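We use all heavy atoms of the structure for the numbers below, so side chains are in, but hydrogens, waters and symmetry mates are not. Numbered from 1 within each chain, the chains take letters A, B, ... in sequence-line order. All values reported here derive from a predicted model rather than from experimental measurement.
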Number of protein chains: 2
Amino acid sequence: MVRPRKFDRVDILNRMKTAFWENGFSDISMDDVGRITNMNRGSVYNAFGDKRALYLEALELYGEQHYGAAVELIKHSKDTPSAIRNLYGTAFKRMKDDQTHWGCFMCNAAVEVAPVDTEVAIIVRENFDALTKAFLSSLLETRPKVADSKNAKNLAQQLTATYIGFNIMARTGMAKTSLKRISDSAVEMVTA
Amino acid sequence: MVRPRKFDRVDILNRMKTAFWENGFSDISMDDVGRITNMNRGSVYNAFGDKRALYLEALELYGEQHYGAAVELIKHSKDTPSAIRNLYGTAFKRMKDDQTHWGCFMCNAAVEVAPVDTEVAIIVRENFDALTKAFLSSLLETRPKVADSKNAKNLAQQLTATYIGFNIMARTGMAKTSLKRISDSAVEMVTA
DNA sequence: CTAGTTATTGACTATTCAGTCAAATACAAT
DNA sequence: ATTGTATTTGACTGAATAGTCAATAACTAG
């Protein structure tokens, strides 16, 4: 009855997730989008709306994938120190796969877009908060002594700030030996 | 002998520092620059070169002012816990003055420009490193027990990461009560 | 007062940008 | 095979972009 789509929506969003992650919102043009997705300009507008809507969907996908995975990883780690090791381990692994240093799309959105787009600001805060909550649960469940001696909520919030700072520093091309210090210190921080 | 300049170079750079800090590089046009500085387009090019050169000077000025001040503040605080209290105290004070949440120009540059401009990347890393060195000196000199029990270099690096994360989160408009947790936890971390 | 030097001015270019649209197309149900 | 419907296409628009330049203005040393 209808002409079928030539493209896979999820595949397109994954490609745009990567592109926006690397280059930000402003430095990706709709011409770039066409090249990256192999879609015609008009088809993109027909399928996704405008550039901002496309960015929003890509960012939400990133959140589900990366922050969702981080929360799960923390939840299923045997205790907070190993949760932190696992979390930073995946970040380091990604830096190896593609010699570039990408940092974190959510953090980039916080800097570039959140101040001028309340919807983006909300998404970013929600994802940060989810990470903090995961740290907090982990502490309360597996490190009650640490949680008690240090104010668990404050500590969880700082662990999120540390993770964000790590990703910003990674994006500047800072040496891995320096980056490693951050995760080591974070581990030490939650080790009774 | 020569026609004198109508403008004060330092004043112009301070204005542009604020503008780039708030809006980033891509979202400030040369028309904006003209409006912000009350300078004619051509005069800007004559005085500063191109947009990138202007951004570089503004960023370097920010580094001297803010990171320079932070390093001095840490150096002249009586110990690391109070250094951290003082550092975050100035950040909170600024957030009060202008109800907006600016975060940190250096962090914004790390995200938006550093990945595509090696000179900016170097400036950003240098400023981050200066902060880390200041934390390290403070620890070694005023908290030798903490420094010894925890690996001071790792800890100093994490304190910088925490500060960066704090500024990114501030830029998303996160509640001050949540932000306060970060600095409280950082203080707790260096309290023997 | 004049000459020499640099700053200012605003109009100009050529490019890039996000977004639009009418026409053509591909399919599947009948 | 025909028809109905959503998708694709590429040319189009108008606005915004960074950067240029020749003419003009302002000052001061002599």
Side-chain angles (χ1 to χ4, degrees), chain A residues 1-59 108-109 112-120, chain B residues 1-59 108-109 112-120:
Chain A
M1 194 90 155
V2 307
R3 180 174 182 173
R5 292 205 153 125
K6 228 171 58 175
F7 62 88
D8 174 18
R9 206 183 158 84
V10 176
D11 173 53
I12 297 299
L13 285 173
N14 269 303
R15 289 186 200 212
M16 289 316 304
K17 173 197 75 183
T18 302
F20 283 130
W21 183 1
E22 267 187 292
N23 305 108
F25 178 80
S26 293
D27 287 0
I28 291 284
S29 70
M30 290 306 289
D31 270 3
D32 293 332
V33 174
R35 236 173 286 120
I36 291 161
T37 61
N38 288 317
M39 284 175 78
N40 181 279
R41 197 176 194 66
S43 291
V44 175
Y45 280 94
N46 180 59
F48 296 100
D50 59 4
K51 192 184 167 187
R52 175 180 173 272
L54 182 58
Y55 181 85
L56 269 174
E57 283 205 61
L59 181 65
N108 301 351
E112 187 194 3
V113 189
V116 292
D117 190 321
T118 54
E119 204 167 340
V120 167
Chain B
M1 195 92 154
V2 307
R3 178 173 184 175
R5 291 203 154 126
K6 226 171 57 176
F7 61 89
D8 174 19
R9 207 184 157 81
V10 176
D11 172 54
I12 298 299
L13 285 173
N14 268 304
R15 291 188 200 211
M16 290 316 304
K17 173 198 75 184
T18 302
F20 283 131
W21 184 359
E22 267 187 292
N23 305 107
F25 177 81
S26 293
D27 286 358
I28 291 285
S29 70
M30 289 308 289
D31 270 3
D32 293 331
V33 173
R35 235 172 288 121
I36 292 162
T37 62
N38 287 318
M39 285 173 78
N40 181 278
R41 198 179 193 65
S43 291
V44 176
Y45 279 95
N46 180 57
F48 295 100
D50 59 3
K51 191 183 168 189
R52 175 180 172 270
L54 182 59
Y55 181 85
L56 268 175
E57 282 206 61
L59 182 65
N108 300 350
E112 187 194 3
V113 188
V116 293
D117 189 323
T118 54
E119 204 166 340
V120 167

Output for pair (B:E57 CD, B:R9 CZ), nearest 0.5 Å, gives 4.5 Å
Is there a donor-acceptor contact under 3.5 Å from the side chain of A:N108 to the main chain of A:W21? yes
Once you round it to whole Å, what is the distance between [atom2] of [N] and [atom1] of [X]?
X     : N      : atom1 : atom2 : result
B:M39 : C:dT9  : CE    : C1'   : 12 Å
B:F7  : C:dT6  : CZ    : P     : 15 Å
B:Y55 : D:dG19 : OH    : C1'   : 20 Å
A:N46 : C:dA26 : CG    : C1'   : 15 Å
A:F48 : C:dG19 : CZ    : C1'   : 16 Å
A:D27 : C:dT16 : CG    : P     : 14 Å
B:M30 : C:dT15 : CE    : C1'   : 16 Å
B:D8  : C:dA7  : CG    : C1'   : 15 Å

- Query: Looking for any heavy atom pair under 4.0 Å, which part of the strands does A:L54 touch: base, sugar-phosphate only, or nothing?
  - Reply: nothing
Exercise. Using a 4.0 Å heavy-atom cut-off across all strands, classify B:S43 as base, sugar-phosphate, or nothing.
Key: base
| field | Plane angle bin for A:F25 and A:F20 - parallel if under 30°, tilted between 30 and 60°, otherwise perpendicular | value | parallel
Given [options], which nucleotide is nearest the side-chain atoms of [X]?
X     : options               : value
B:Y45 : D:dT8, C:dA7, D:dA18  : D:dA18
B:D31 : D:dT7, D:dT17, C:dC17 : D:dT17
B:N40 : C:dT9, C:dA18, D:dG10 : C:dT9

Check: Under 4.0 Å between a side-chain N or O of B:K51 and OP1 or OP2 of D:dA18?
Finding: yes
**Prompt:** Are OP1 or OP2 of C:dT9 and a side-chain N or O of B:K6 less than 4.0 angstrom apart?
**Reply:** yes
I'd like to know if the side chain of B:D32 pairs up with that of B:S29 as donor and acceptor (distance under 3.5 Å, no hydrogens or angles considered). yes
On DNA chain D, more 5' by nearest nucleotide between A:R41 and A:A47 is A:A47
With A:L54 as partner, the option from A:T37, A:V33, A:L59 fulfilling side-chain contact (heavy atoms from CB on, under 4.5 Å) is A:V33
Comparing nearest nucleotides in DNA chain C, the 5'-proximal residue of the pair A:G42, A:I28 is A:I28
